[in-house]
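In what follows, a single structure is set out as structure tokens and then discussed.
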Amino acid sequence: MNKLLTIMSFVACLIFAGCSDDEPDHEADLFSLAVQLEGEGELAMGIHDCEIIVPGNQQYISIDIIGDYDYFRVTAVPDIGMVSSGDKRIKILLTNNLGETSQTGTLEFTVYKGKSWNKGTVTVTQRPLSPEEPDEPDVMPDKYRFKLAYAGFTPIMNDNIHVPAPFDNISFQILDYFDRFIPMGFPEFVEPYDSIVWSAEGMPNTVRIYERKFNDSSSEEHFTAQWSSHFFKPGSVRSYLKGYREGKVIYADSMKTEIYERDFLCFNWITGDVCIANPHAKGIYCGLDNSREYRVMPIREINGTKYGEIHVRNHKILPDDKFLSISRDVLIQLMRENIGEGASAKNQIQSFNCVPEGVEGELFWENKTTRILLLHELPSDTSLEEYYLLVEAK
């Protein structure tokens, strides 16, 4: 590994070795990497691997896979950014790191030519956006201190489970220093702050739960004592409440929320509710990630097989042609975050029991309890063209 270099881009020399007919199914030198940063950063390049350190602000990282090969496949994505791939290029979008510590993720991919293959990795470390340390927090009077608290969750499938899963609706509260919840009016502890903002590590957006605005003739004040959000993947979420005055953090509190996958996301095939009639979709949004929203149809059953559907909501009211492509991307993103890269559905669709007519299967995923298809519903007299996920119990 070369010494870390602060540069905008670095192109590694091409090293390529062809596949030998005498040595099938072996690792070979099929590619080299070229990495370009949209902003500042440090690179340490190898032939098939790279380590990147960047500041906490949002930027794209473009990775060109150079060589004479047939195709490549992404096998693992970093959980700190959004990944897209095309012809010999992978792009990682890093959003602002609003947490207080650095975050690291690894992209893994494999390049194929004939029966030869070659693995590659790119490790990305993103520093915090800025060291927003409160000014002398020890001298903040107790009456102005607040606490971020977990307030419970509502399971999508109405099952009797005591820990939240992806897609469940999780509630949070802001409490005063004595752990008191004040749902009405404006509690005393908001007085020193211009705003109190909810954020989380690795999340691109924030939510203002308190805000005070002044102008020459009037003032506005808004306060939310309890709020909720869905999350899109299992794991730990470190979230923060930060109190600002004149653009600077003067007090903060944080907490960690654990999100546990069930059979798949929020689906529980054993004890979860099954819809008998009049199914209605439930909206799934995340206040800290406004780039996407999903709609989940309740679990139904056909010939002894339980199944569900995950659709995408056009929350930005985009034209149908633009939204169609975006909906496919965010469904694949959801699956990458929870299972990994999909395989071709060509030889798998026949194993599903609940595939409707008028659709084409594109990608397939599975785990121990669940199989999933990315379906392309073709336009007809009774339905619009769309992509969605069909989820079946095994």
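Here the structure is a predicted model, which is why all the values come from computation and not from measurement. Atoms considered below: every heavy atom in the structure, side chains included; atoms not considered: hydrogens, waters and symmetry mates.
Contact check on Arg262 versus Asp168 returns a salt bridge, with a Lys/Arg side-chain nitrogen under 4.0 Å from an Asp/Glu carboxylate oxygen.
When the side chains of ILVMFWY residues are joined at heavy-atom separations under 4.5 Å, either directly or via intervening members, Ile339 and Val391 end up in a single hydrophobic cluster. Clustering ILVMFWY residues whenever any of their side-chain heavy atoms sit less than 4.5 angstrom apart, transitively, puts Val190 in a cluster other than the one holding Phe181. In the hydrophobic clustering of this structure, Tyr60 does not group with Leu94; members are Ile, Leu, Val, Met, Phe, Trp, Tyr whose side-chain heavy atoms approach within less than 4.5 Å, directly or through other members. Both Val274 and Val296 sit in one connected hydrophobic cluster of ILVMFWY residues. Membership requires side-chain heavy atoms under 4.5 Å apart, directly or through other members. At a threshold of 4.5 Å between side-chain heavy atoms, the hydrophobic network of Ile, Leu, Val, Met, Phe, Trp and Tyr places Leu389 and Leu324 in one connected group.
For the atom pair CZ of Phe146 and CD1 of Ile182, the computed distance is 13.0 Å after rounding to the nearest 0.5 Å. The CD atom of Gln348 sits 11.5 Å away from atom CG of Leu363, with the distance rounded to the nearest 0.5 Å. A distance of 13.0 Å separates CG of Leu241 from NZ of Lys147, quoted to the nearest 0.5 Å. Taken to the nearest 0.5 Å, the NZ atom of Lys242 stands 11.5 Å off from the OG atom of Ser195. The distance from atom CG of Leu148 to atom CD1 of Ile209, rounded to the nearest 0.5 Å, is 8.0 Å. The CD atom of Glu386 sits 9.5 Å away from the CG atom of Leu375 when rounded to the nearest 0.5 Å.
Below 30°, between 30° and 60°, or above 60°: for Tyr387 and His376 the angle between ring planes is below 30°, a parallel geometry. Under the 30°/60° scheme for interplanar angles, the aromatic rings of Tyr69 and Phe72 are found to stand perpendicular. Relative ring orientation between Phe352 and Phe364 is described as perpendicular, the plane-to-plane angle rising above 60° on a 0-90° scale split at 30° and 60°. Using bins of under 30°, 30° to 60° and over 60° for the plane-to-plane angle, the ring pair Trp227/Phe172 lands in the parallel bin.
One N or O on the side chain of Lys282 and one on the backbone of Ile156 form a donor-acceptor pair closer than 3.5 Å. Here the side chain of Tyr307 pairs no donor or acceptor atom with the backbone of Val355 at under 3.5 angstrom. Judged by distance alone, with hydrogens and angles left aside, the side-chain atoms of Asn367 form a donor-acceptor pair with the main-chain N or O of Asp263 at under 3.5 Å. A donor-acceptor contact shorter than 3.5 Å links the side chain of Asn205 to the backbone of Asn290. Side-chain atoms of Asp289 do not come within 3.5 Å of backbone N or O of Met203 as any donor-acceptor pair. At distances below 3.5 Å, not a single donor-acceptor pair connects side-chain atoms of Asp49 with backbone N or O atoms of Thr121.
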Check the pair Ile65, Ile90 against side chain to side chain contact (heavy atoms under 4.5 Å, CB included), reporting the backbone distance first and the verdict last.
CA-CA 8 Å; Ile65 305 173; Ile90 302 172; 3.8 Å; yes
Set out, in order, the CA-CA distance, both residues' side-chain angles and the distance that settles salt bridge (charged side-chain N to carboxylate O under 4.0 Å, His left out) for Glu341 and Arg336, then state yes or no.
CA-CA 6 Å; Glu341 290 296 316; Arg336 282 174 174 163; 2.6 Å; yes
Taking it one step at a time, do Glu309 and Arg295 satisfy salt bridge (charged side-chain N to carboxylate O under 4.0 Å, His left out)?
CA-CA 8 Å; Glu309 298 172 8; Arg295 293 184 298 112; over 6 Å; no
Going through the distances and angles, do Thr101 and Glu201 end up as a side chain to side chain contact (heavy atoms under 4.5 Å, CB included)?
CA-CA 8 Å; Thr101 60; Glu201 291 182 356; 3.5 Å; yes
Run the side chain to side chain contact (heavy atoms under 4.5 Å, CB included) test on Arg212 and Phe223 for me, step by step, so that the C-alpha distance in whole Å, both residues' side-chain angles and the decisive distance to 0.1 Å come before the verdict.
CA-CA 9 Å; Arg212 179 169 51 206; Phe223 176 67; over 6 Å; no
Could you check Thr369 against Trp269 for side chain to side chain contact (heavy atoms under 4.5 Å, CB included), going step by step and ending with a plain yes or no?
CA-CA 8 Å; Thr369 63; Trp269 302 122; 4.2 Å; yes
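Residues Phe232 and Leu334 meet the side-chain proximity criterion, which asks for heavy atoms closer than 4.5 Å. In this structure the side chain of Phe189 reaches within 4.5 angstrom of the side chain of Ile174, judged on heavy atoms. Lys233 is listed as a side-chain neighbour of Asn338, based on a closest heavy-atom distance under 4.5 Å. Within the 4.5 Å cutoff, side-chain heavy atoms of Ile310 are placed close to those of Leu265. Taking 4.5 Å as the limit, every side-chain heavy atom of Glu108 sits out of range of all side-chain heavy atoms of Lys119. Inter-residue side-chain proximity for Trp198 and Ser229 is flagged as met; some heavy-atom pair is nearer than 4.5 Å. Annotation: side chain of Glu392 is in contact with side chain of Leu390 (closest heavy-atom distance under 4.5 Å). Side chains of Gln226 and Pro183 form no contact here, defined as non-hydrogen atoms less than 4.5 Å apart.
Residue Phe323 qualifies as enclosed at atom CZ: its count of foreign heavy atoms under 6.0 Å is above 12. Remark: Tyr112 OH is packed, more than 12 non-hydrogen atoms of other residues, nucleotides or ligands lying under 6.0 Å away. Residue Lys322 places its NZ atom among 12 or fewer non-hydrogen atoms of other residues, nucleotides or ligands, all under 6.0 Å distant. Other residues, nucleotides and ligands place more than 12 heavy atoms under 6.0 Å from the CD atom of Glu191.
The two residues Cys50 and Val35 come nearest to each other via the heavy atoms SG-CG2, 4.0 Å. Considering all non-hydrogen atoms of both residues, Glu377 and Tyr388 come closest at OE1-CE2, 3.7 Å. Closest approach of Thr95 to Pro204, counting heavy atoms only: CG2-CB, 3.4 Å. Closest non-hydrogen pair, Ser199 versus Thr206, comes out as CB-CG2, 3.8 Å. Across every non-hydrogen atom of Gln126 and Pro55, the tightest pair is CG-O, 3.2 Å. Scanning both residues, Asp29 and Asn118, for their nearest heavy atoms gives CA-OD1, 3.5 Å.
Residues Asn303 and Thr305 bring no donor and acceptor atom of their side chains to less than 3.5 Å of each other. Checking Arg292 against Tyr294 by side-chain atom types alone, a donor-acceptor pair falls below 3.5 Å. With hydrogens and angles left out, the side-chain atoms of Arg238 and Tyr240 include no donor and acceptor closer than 3.5 Å.
Checked options Trp117, Tyr71, Phe31; the residue passing with Phe109 is Phe31 (criterion: ring-ring contact (aromatic ring centres under 6.0 Å, His included)). Shown are Ile53, Ile52, Ile61; of these, the side chain to side chain contact (heavy atoms under 4.5 Å, CB included) with Leu43 is made only by Ile52.
Residues Tyr285 and His230 bring their aromatic ring centres within 6.0 Å.
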